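Following: one structure in structure tokens, then a few remarks.
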Number of protein chains: 2
Amino acid sequence: MGGGDVPKQTFFNLELERRQAIIKAAVEEFAQLPFEQASLTKIVEKCGIAKGSMYQYFEDKRDLYLYVVDLAYEQKRDYVRKAFEKGGDIFSVLEEYYLESYSFARDHPLFHQVANKFWDSKAEALQSELEKGRLSRSHDFAQFLDDAMTQGKVNKALDPEAVFFVYHAVGKELVDHFDQGQSAQFLKKVLDVLRLGLTTRREEV
Amino acid sequence: MGGGDVPKQTFFNLELERRQAIIKAAVEEFAQLPFEQASLTKIVEKCGIAKGSMYQYFEDKRDLYLYVVDLAYEQKRDYVRKAFEKGGDIFSVLEEYYLESYSFARDHPLFHQVANKFWDSKAEALQSELEKGRLSRSHDFAQFLDDAMTQGKVNKALDPEAVFFVYHAVGKELVDHFDQGQSAQFLKKVLDVLRLGLTTRREEV
DNA sequence: CGAAAAGGTGACTAGGTGGTCACATTTTGG
DNA sequence: CCAAAATGTGACCACCTAGTCACCTTTTCG
């Protein structure tokens with residue numbers, strides 16, 4: 001989630017307390033509403049600074065938003081990184097990945113909502129950022145899947161693009177529903193559906 | 001998608017031409033922007049009627065919106081119905097279903113966008129309508145899946161809720177991407193992933 | 001000390017929104 | 001034919017938005 005212009009230097013010169021108050025208010029607002037509907041006015045009111053001050057720290061609303069989204073993904077990376085470090089086959093890595101995402105959502109619900117809502121943004125001003133994020137994700141997964149297919153872990157007859165498509169869809173839906181208390185049990189069952197497929201297998205797995 | 005208050009009688013007393021102009025303008029607006037961001041002012045300007053007139057025909061913005069969404073789903077039903085009439089096993093019905101959805105999106109791109117955007121609505125005023133729609137969908141699918149499992153077409157070891165979850169996620173993503181020119185070929189491949197699962201099968205299918 | 005630079009401010013602008021209402025026009029029907 | 005009912009209208013209301021800028025305060029530093 002590469003930021004655009006990121007905050008100006010003045011923002012980092014701020015006392016910690018003030019900086020944190022701004023971040024807190026912004027995170028709360030952007031967790032509740034998508035970019036287009038979130039209100040900068042409400043943010044400055046919530047953290048008690050003047051409207052004009054905000055424009056000393058950030059170029060505009062988009063700049064503040066992308067900074068907050070960046071913060072959220074920084075936090076999230078600390079969690080999901082563990083899944084890749086542990087290693088194992090593609091299925092155990094994916095399970096670990098979603099388990100870590102789940103922990104992140106539980107430990108940092110506001111950051112989780114911010115990160116998640118980001119992908120639904122329709123605003124013109126965000127489309128290039130979204131495209132960047134999507135490309136980097138699909139590239140990472142393609143690499144990962146390619147290895148698993150070469151190793152014979154994943155059915156070579158499948159279309160890699162279609163596999164990515166399915167995983168992307170299910171992953172997004174999973175993460176979307178973390179707020180609403182989806183259990184780790186259920187996560188396992190969803191991944192089973194993907195692993196095994198719908199039709200009954202004659203072999204034992 | 002049961003409407004709320006539906007249009008007032010005055011709307012149906014209107015000359016066809018005027019009524020169609022209103023529908024056309026509303027569909028165009030709601031196809032482009034989600035409910036919250038769509039502008040009633042722009043709609044009345046586009047179809048050349050007075051703001052006040054709109055409130056003679058509809059209770060409010062939500063009422064007009066739900067009417068348009070209803071129209072879209074009426075059209076869509078005419079397409080997807082064919083999938084169920086044809087019969088066949090669960091896999092062929094689902095393939096037919098998405099093929100029909102695809103045709104609908106191609107024939108009525110604006111209606112398709114309206115129907116699709118509906119599910120992303122975050123507005124408080126629409127949540128009860130959304131819940132209604134979701135419940136009726138999941139009920140229909142549950143029935144369908146239950147039969148397929150009883151007949152042994154679908155692996156009985158899978159969790160039905162997890163299967164629904166996966167199908168719902170993938171279905172939504174498929175339909176979302178119809179605008180961007182997804183081919184029938186690709187659709188088949190995505191359904192293959194669901195049918196067969198990721199891990200290689202020892203038996204031939 | 002004092003001047004210049006940096007930081008803070010909130011009233012203000014311009015532009016939107018959904019919804020209303022007193023009034024004008026048209027249609028209906030006794 | 002005329003009154004009453006139905007319909008059409010757009011200026012207007014209250015409320016919101018992102019962003020600006022002239023002015024004030026604080027900090028820096030020669």
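Keep in mind it's a predicted model, so treat the numbers as computed, not measured. Quick note on labels: first sequence line is chain A, next is B, and so on, each numbered from 1. Hydrogens, waters and symmetry mates are skipped; everything else that's a heavy atom, side chains included, is used.
In this model, no donor atom of one side chain and acceptor atom of the other lie less than 3.5 Å apart for Q151(B) and D147(B). Using modelled atom types, one finds a donor on one side chain and an acceptor on the other under 3.5 Å when comparing D89(B) with S92(B).
The distance from atom CZ of F12(B) to atom C1' of dA6(D) is 18 Å, rounded to the nearest whole Å. The nearest whole Å value for the distance from the NZ atom in K8(B) to the P atom in dA5(D) is 19 Å. Between the OH atom of Y55(B) and the C1' atom of dA6(D) there is a distance of 20 Å, given to the nearest Å. At whole-Å resolution of the value, CD in E15(B) and P in dG8(D) are 9 Å apart. Between the CD atom of E36(A) and the P atom of dA18(D) there is a distance of 12 Å, rounded to whole Å. At whole-Å resolution of the value, CZ in R19(B) and P in dT7(D) are 13 Å apart. Distance CD (E59(A)) to P (dA18(D)): 16 Å, rounded to an integer number of Å. For the pair K61(B) NZ and dG19(C) P, the computed distance is 8 Å after rounding to whole Å.
For K42(A), the listed nucleotide lying nearest its side chain is dT17(D); candidates were dT17(D), dG18(C), dA18(D).
Here the side chain of K42(A) pairs no donor or acceptor atom with the backbone of A25(A) at under 3.5 angstrom.
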Between protein and nucleic acid, restricted to nucleotides 4-12 of chain C and to nitrogen or oxygen atoms under 3.5 Å apart, what atom pairs and distances do you find?
residue	atom	partner	partner atom	Å
dG7(C)	OP1	N13(A)	ND2	3.2
dG8(C)	OP2	Y57(A)	OH	2.9
dG8(C)	N7	Q56(A)	NE2	2.9
dT9(C)	OP2	R18(A)	NH2	2.8
dT9(C)	OP2	S53(A)	OG	3.0
dG10(C)	O6	G52(A)	N	3.4

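Classification of the Y67(A)-F58(A) ring pair by plane angle, with boundaries at 30° and 60°, yields tilted.
Residue A125(B) is out of contact with every strand shown, counting any heavy-atom pair closer than 4.0 Å.
Counting all heavy atoms, side chain and backbone alike, L66(B) lies closest to E129(B) at CD1-CG, 3.7 Å. Residues K76(B) and V175(B) approach most closely at NZ-CG1, 4.2 Å, considering heavy atoms.
In terms of phosphate contacts, S39(B) brings no side-chain nitrogen or oxygen within less than 4.0 Å of OP1 or OP2 of dG16(C).
M149(B) has its side chain within reach of L158(B): a pair of non-hydrogen atoms, C-beta onward, lies under 4.5 Å apart.
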